[in-house]
Amino acid sequence: MYCRLWVHCLALYIISFSACILLYFEYKNIASMRLSHIIQSPTNYSHFAVLVRAIPQENGESISDAVQKFFMNYHASSYLSHQVVYRTGKVQRLMSNAEWVYKNLVRLKSTAISKTCVPITYRCGLCGGTSDSFQLYRNEFEPDEKKPCPNNSDSRTKAKECLAAFVFFKTRYAAVIGTQLLQSSNPMLWVTDLAPEPHDVYWSNLWIPYRQLWLRQITVLLASIVFMFLFLIPVTFVQGLTQLDKLQQMFPFLKAILAKTVMTQLVTGYLPSVILQLFFYMVPPTMMLFSAMEGWISRSGRKKSACFKVISFTIWNIFFVNVLSGSVISQLDAITTPKSIPILLAKAVPRQATFFITYVLTSGWVSLASEVLQLFALVYNAVSKYVFRVKDDPNSVPSFPYHTEVPKLLLFGLLGFTCSILAPLILPFLLFYFFFGYVVYRNQIINVYCSKYETQGQIWPIVHNTTVFSLILTQIIALGVFGTKKSPVTMSFTVPLLICTLLFNEYCRQRFSPIFSNFSAQDLIEKDRDDEKHGRMEEIHQMLHSIYSQFPADTINRDVHDANSRQTQQI
């Protein structure tokens, strides 16, 4: 018996050291690729731009004047220009459209048709005679593209302006320095952040006042916790299906049905994971909505936040609740002391091994097949194209759904680590999933999904931390196993492994984490000098305003149309 425990302890050491070595080299490789991307990639205009929020106004001055006055005063040598952010969003867009229609209706009523207008006669195409039964008048509301509009910038009224603006600097280094320092003695004013890439900007959230962000974050945190506990209802129902004795006691009429072996295997094996997977489909969209409510200024930041929320939700509801629902709920007094948690996990994980294997089959293997088929996208595109006659939009190609696929991969990694020494039968199923998952996702990323913006490796720290958490959880479960077997020697050998894993994670955090959150002055200054040497800096400065254009062409044409109409009325 003790020999078998030592085999488990040796296997735990091998798994832990192998995982740490792979994590270290992968972290190092991704960090080097991030640095290479920053240095060798084409010009990234976001390195010259800074998003300024919580802009104070004095004496009724405009946002544009306030920004220009402040940065010309304190950043005169490096300040280039700025661009004010206007309030956008679905509600604001509907209000703007309604206001535009209302103005046109009012203008239509107040416009009198000139009585001196000479009717234009047209020859009838049937009998050849002339007819003046209809007349053509010039549509005063038709946009005249030939007339220039000098007041195009004034067409967006101050009511739509936000207390935010993009400020452009002459060099990358100056932009980064502008975000690292407090711009005012009041930290709630003149708040600066590095601007996202132009295609990564989440315009709908830029209007949110900076003072509301902390309230939104607290509200979203509470909403996520409430949603996490509400999800316990389907999880508890699923766990009830895996326990036939309790199910038959609650519903006696099921005894005759469950007497058949096929029905028993279906109800206890396949049905619980299918039901749980159907309920789980609502989690990623909900977490994406919560992340949007938090006020993220970039689409990648919103997706990264949603990814972290889905991971936390998945690990809690799919792993911990399923593992401990049968034992902890009935033994609440046993978890009052932390020492009993490893023993409870050691006893509960092997009981749920069958459920986890079935979950890998239904959620993992089936998801790979659906990822290749893209059945929902196929039906949606067919209905849109042939029923509603919607033309193909090149911008409608989706980006990779990090918030749905990454949590699934990390959950299966956690299941593989925690069950490796207690229920190793799950490992072949996971190996099959990861092997074909690599093939499928590689094909999808290259041939199906469109990279609309660069995440620059920002998802990897989440993957690393979650994998380290899985390792630590595996070692804690091993402590519980050795404790139930009354083997203090193997327990004493497991404790140093746990400490070494924590130290390894701290070393990686100190060594690599700053690379993913900051830019090095050396790289930025060298890029600036190279652009100045080859004469590219002026071209970059000229492109900044157009590359961060907030309004599409149709909105601008509408504004031109309104300005021209006002000028026509004045004339």
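Pairs passing the salt bridge (Lys or Arg N to Asp or Glu O under 4.0 Å) check and including a residue from residues 35-60, sequence neighbours excluded, read Arg53-Asp193. Residues in residues 170-191 take part in these salt bridge (Lys or Arg N to Asp or Glu O under 4.0 Å) pairs, two or more places apart or across chains: Arg172-Asp528, Arg172-Asp531.
Partners of Tyr507 by ring-ring contact (aromatic ring centres under 6.0 Å, His included), not counting sequence neighbours: none found. When the salt bridge (charged side-chain N to carboxylate O under 4.0 Å, His left out) test is applied to Glu506, the partners found at least two apart in sequence or on another chain are Arg509. Not a single side-chain contact (heavy atoms from CB on, under 4.5 Å) links Phe376 to another residue, sequence neighbours left out. With sequence neighbours excluded, no residue satisfies side chain to side chain donor-acceptor pair (under 3.5 Å) with Asn381.
A cation-pi arrangement, defined by a distance under 6.0 Å to the six-membered ring centre and an angle within 45 degrees of its axis, is absent between Arg299 and Tyr453.
Separation of the His403 and Phe308 ring centroids does not fall under the 6.0 Å cut-off. Aromatic rings of Trp296 and Phe290 (six-membered ring for Trp) have centroids beyond the 6.0 Å cut-off, not under it. Taking the ring centroids of Tyr449 and Phe400, they lie under the 6.0 Å cut-off.
Within the 3.5 Å criterion, the main-chain N or O of Tyr402 finds no donor-acceptor partner in the side chain of Glu405. Put simply, the side chain of Gln83 gets close to the backbone of Tyr548: a donor and an acceptor are under 3.5 Å apart.
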